[in-house]
Amino acid sequence: MTVTDTPPPPATPSTVGAPILEARGVTMRFGGLTAVKDVDMTVNEGEIVGLIGPNGAGKTTFFNCLTGLYKPTEGVVTLSGQVIPPKPRAVVVAGMARTFQNIRLFANMTALENVMVGRYCRTSSMALTSILRGPKFRREEAATRARAQELLEFVGLGDSAENLARNMPYGDQRRLEIARALATDPKLILLDEPTAGMNPQETKQASDLIFRIRDSGLAVVVIEHDMRFIFNLCDRVLCLVRGEVLVQGSPGEVQSDPRVIEAYIGGGDDDEDDDPTPSLDAGTTQEEQQ
Amino acid sequence: MSTSTPDLTHGAGHGDHDDHVTVPLLERFPGRGSAAAWPLGLVGVLLLVGGTFLSWSYTGDVLGDLSINFYPGGVQICMIVLGLVALAFLLAHRGPLSRLGDWLDSAAAVRNLGLGAVAYMAVAIGVIAYESGGLINVNPGGWVSLVGALLLAASGLMLVSRQHKDPLFAKTTSWLEICAIIVLMALVLFGAAYALGIGDGASFVLFLMFVAAAATALAKSGVFTWIGLIAQKNRPVLMLGAFAVAFLFPFTQGGSDENMSIATQVLIFAATALGLNIVVGLAGLLDLGYIAFLGAGAYVGAVLSNSAFATIGWKPPFLVVVLVGAIFSSILGLIIGSPTLRVSGDYLAIVTLAFGEIFRFTMGNLDGNNGPDLTNGPNGVPAIPDLNFFGFDFGQPHNVAGITLGRFANYYFLLLVIAAIIIFVFVRLNNSRIGRGWVAIREDEKAAEAMGVNVFGLKLFAFAGGAFLAGMAGTVKAHHDVSVTPDQYIFLESAFLLAAIVLGGMGTVAGVLVGATILKLLPEKLRFIADYRLLIFGLVLVLMMRFRPEGIIANQRRKLEFHEDDEDLAERIEEVHLEEAEAKA
Amino acid sequence: MTEFLQQIVNGLTLGSLYALIAVGYTVVYGIVQLINFAHGEVFMIGAFGALATWTVLFKGQHGLWVLPIMVLGAVIVSVLTAVVMERIAYRPLRGAPRLAPLITAIGISIFLQEAVRLFYPGAKSKLTFPEIEVVSGTALQVGGLTIQRAAVFTVGALAVSAVLLWFFVNRTRLGQGMQAVSQDPDTAQLMGINVNRIIVIAFALGAALAAVGGVAQGLLNSNIDFRMGFLAGLKAFTAAVLGGIGNIQGAIVGGLTLGIAESMATQFIPGQFGGSAWKDVWAFVLLILVLVFRPQGLLGARVVDRA
């Protein structure tokens, strides 16, 4: 992969390494309906990959296949060369974390607690340790808390640790969800519309955050509708239409591809898919969906 | 003070949503905000307390003895206490205690005390009139106190709340806090001992009314907010204090087996409900067959006991029996839980209900005719001997410091240990990685799974762990009850356990203790409603779900779950979080 | 063979009874996704309504002509109970966490049982249900099979109810409104359907059928008591799930299947675990197995996964 010709990220240029996520021939059928058809995707270490496509193109369905929420009808997903079983928890343990299109925080927990839940799969205190509270438990609990606070500071929510998730502003909730996903120590993070419903300033902050996540050594996959955001951010973009990869390449290539424009303008109204992706520009509808 | 806009009468963040409903009504009260309110209150207190020193009743056999001048009976003393508390709040409103009034909503307290006193006096006079045949038998003292109560209530309604600071932010020294906890504990002990000692139902109801009036007044004034905060800060002191009170309780009963028997039943019930609270309150799994796990423990305790009717020859020492019972119970929990925990909420409730019924039918059937002879069928296992620990016979009374402790007191202490273990497990699990996992599952199961929480494992653990604790309590129950029969473990008992949790407050220890006490104690003390007990119980469940689904003592998070759209509440709870974080730092 | 056929007959009788009650669970569930735990009590109250009608109006009469009026009385009492219950207890809880309506239902259930026990004269013990000409009395003998007269009434009542129900749901405006609400309440509301009214009707409909079931039970057993709703309700719920909750045909199929399965288990499970002592146990085992392994039921539920 070469460095793209679109404006380079502010920090270091991406150092692309070995493939980390490989999806081969992922197909998802619901009854007679094929939502995702034979999609291949490779994500390399330290890379930001964008996934675009018109409404109902199967982006979120594909995401759900990757993260084990759906069991793909056909196809294999490997992470660092290991085939991952299609179970959400196994996927997280293997090192792939995600956020949700409609924010799914634990609303009545504080920000810090939300992130601490993310540490669950990287900690091991079981019943007896928790009841007896030996030194190991205390150490682990303190480490969990410290790491959670650190992550909150990383995403810029250091001061909101004790706020209830439900009371936080919309943009903060999105960032909190990212912090919670980061807490699972992933190698790869999947962001489902991280800027939906955000104003330009918040969007800018979000892209800065994604660059910083990438710079800390993670690979990132982003679904987004905001073209400018995606083309500024990503090293590589896949355009999905009707469940199939239409174009794949550098942002410049995809941006100038007539088929992409055609797909967005001409085929934007197809909704044979049950993928609940909202319309192109209306990120705000998700607030209502919650 | 002169302000008349209701919004200003609430201090920062003191947005109890109940108040918003009552404010318009209060505003219509004539003379609201007038200068006469405060002196009126003082006169009210004077009359209320003064009246108690006069005779209330012509006959001496109603509500204890209220017929003697200058010798107040228990029912009258309650009003003296209430009057003095009201006086303190009046003086906090304006006068020497006004620094206290900076922090507390004294007007609300006076209002609630006044209204409570009116209700109390009305019922007391009603009872006197009813039992001795006519209002003519109510002596002047009663009327004086009633007038005092009415004046106090009027004063409370006329007083306008002062702008006050939120008690959450009060800085108090730790010795004061610990003293407050000790006083509180002493009050609880004294109140419980007094309540259990009350003979007749009417006096008991009056006492409850007094407690309710005082509690609401304190809650409305904000004292409880402060107590909640200091309880959180001084948790070990509180726990120790509570345990000490529970431990001292039998010594207040002077060897009365009747009261201790009730207390023991309350404790068995509370311990079981606390176990269920782990399943329902923490993990959020609705288990309607929980009584079966208690039953499983009890049956194990019975068939492994020295009873002549025990069907198994093995008679291990009791500690082994406890372990066997608990493990057997939790294995049942695993068997029923591992396939069923994948089904969603309502279905799980039904599956567990069905399991509970299967357990009961099976225990009733295994009599040798329909299956192997294990349980003696409907007759159960009778004549289970008392426990004997290293020569300490639980059946015999023992003398400690000159006070006789009977059979029930012995079991009481043992059950106290078991309850303490269950509370310990509950609290420790709640504040741990596992507890956080449970909250996450309750909040959003799918998101929890996607964040790497082992949803199935945690649910199964809660289910089997809850069963383990119930089984443990069951083995003791078998010896305490002397016999074990299938009809002790009907669905209604599971419903009662669940009700104790719902009534008291899901996911809290104190709440479940309160709920269990109310559910077991009331029917014992209120014999005259014995026949209507279940009717009222059913009604209370419905009303509770309608008006206060989070229970008497609410777990803050649960409260939010039941009131998803209450923003004020959410903000207020957040303040508590911030305050706690500050206290830790 | 006769044994087998006899058990089929018994099973169909029992199953018809279950089906009559099960429809109530299914109709309400299909529309508001609520398991109306107290539905068994509505059935019980129907039986008492019939008995009260007879005691007040026709004491001493045993002609067949009193039966329709008894059924009417039962239906009125049951429907009133169900509608009041919906209005007072369930409606305010719409949108509350699932726990709330379930606990409310337990509360209502206990309340109704106790209300009948305390306030219906003589209900503290079993009450004798009147004998009605033609539908009670000596059993019919058909080719070696014994068929209770009340059994004929029960099966017949189910058949008539099923036809009326089908007609109501598919051929009337209200029935179509019900279908619309069960598909998507929000859209239905936008289309001008009064959702609250539809929900009340669902409760009433289930109650009416349960009331008929109550009369049938009274005739079959020739006595009734205030506890009869609990077990019958639970079994009927099993039937509703077995057929696929939310699916009206499913409730009927499920009821009949459960009834036959129960009769067969009583007769044909060999050894000590057979016989009537264990029949309830087997019914509940079936309930658990269905809920765990086929929660969508035999015919498929309207709502398969409500995560």
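We name chains A, B, ... by the order of the sequence lines, and we start the count at 1 in each one.
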Practice task
Write down the atom of B:Glu357, the atom of C:Leu234, and the distance for their closest heavy-atom approach.
Solution key: CG-CD2, 4.4 Å
Structural part of [X] lying under 4.5 Å from a heavy atom of chain B:
X	result
C:Leu102	side chain
C:Tyr90	neither
C:Lys235	neither

Completion exercise
Interface check, chain C: of B:Asn365, B:Leu534, B:Leu492, B:Leu543, most non-hydrogen pairs under 4.5 Å belong to B:Asn365
Fill in the blank from the handout: One option among B:Leu348, B:Val542, B:Asp531 has the most heavy-atom pairs under 4.5 Å with chain C, and it is B:Asp531
Below 4.5 Å, heavy atoms only, C-beta onward: do [X] and [Y] meet side chain to side chain?
X	Y	value
B:Thr362	C:Trp278	yes
C:Leu291	B:Ile350	yes
C:Phe37	B:Leu288	yes

Fill in the blank from the handout: When the 4.5 angstrom heavy-atom criterion is applied to B:Ile536 and chain C, the contacting part is neither
Fill in the blank from the handout: So, the part of B:Leu539 with a heavy atom under 4.5 Å from chain C: the answer is both
Hey, could you give me the [atom1]/[atom2] distance between [X] and [Y], rounded to the nearest 0.5 Å?
X	Y	atom1	atom2	answer
B:Ile358	C:Leu287	CD1	CG	8.0 Å
C:Ile88	B:Arg546	CD1	CZ	10.0 Å
C:Phe284	B:Phe361	CZ	CZ	5.5 Å
B:Tyr347	C:Phe237	OH	CZ	5.5 Å
C:Phe119	B:Tyr532	CZ	OH	5.0 Å

Handout entry: Electrostatic pair B:Arg360-C:Asp280, nearest N-O below 4.0 angstrom
Key = no
Exercise for the section: Verify the neighbour count for atom CZ of C:Arg94: are there more than 12 heavy atoms of other residues, nucleotides or ligands below 6.0 Å? Expected result: yes
Exercise for the section: Return the option, out of C:Val285, C:Ile106, C:Ile108, C:Leu118, with the maximum number of heavy-atom pairs under 4.5 Å with chain B. Expected result: C:Leu118
Exercise for the section: Give me the one residue out of C:Val290, C:Leu289, C:Ile288 that meets side-chain contact (heavy atoms from CB on, under 4.5 Å) with B:Val351. Expected result: C:Ile288
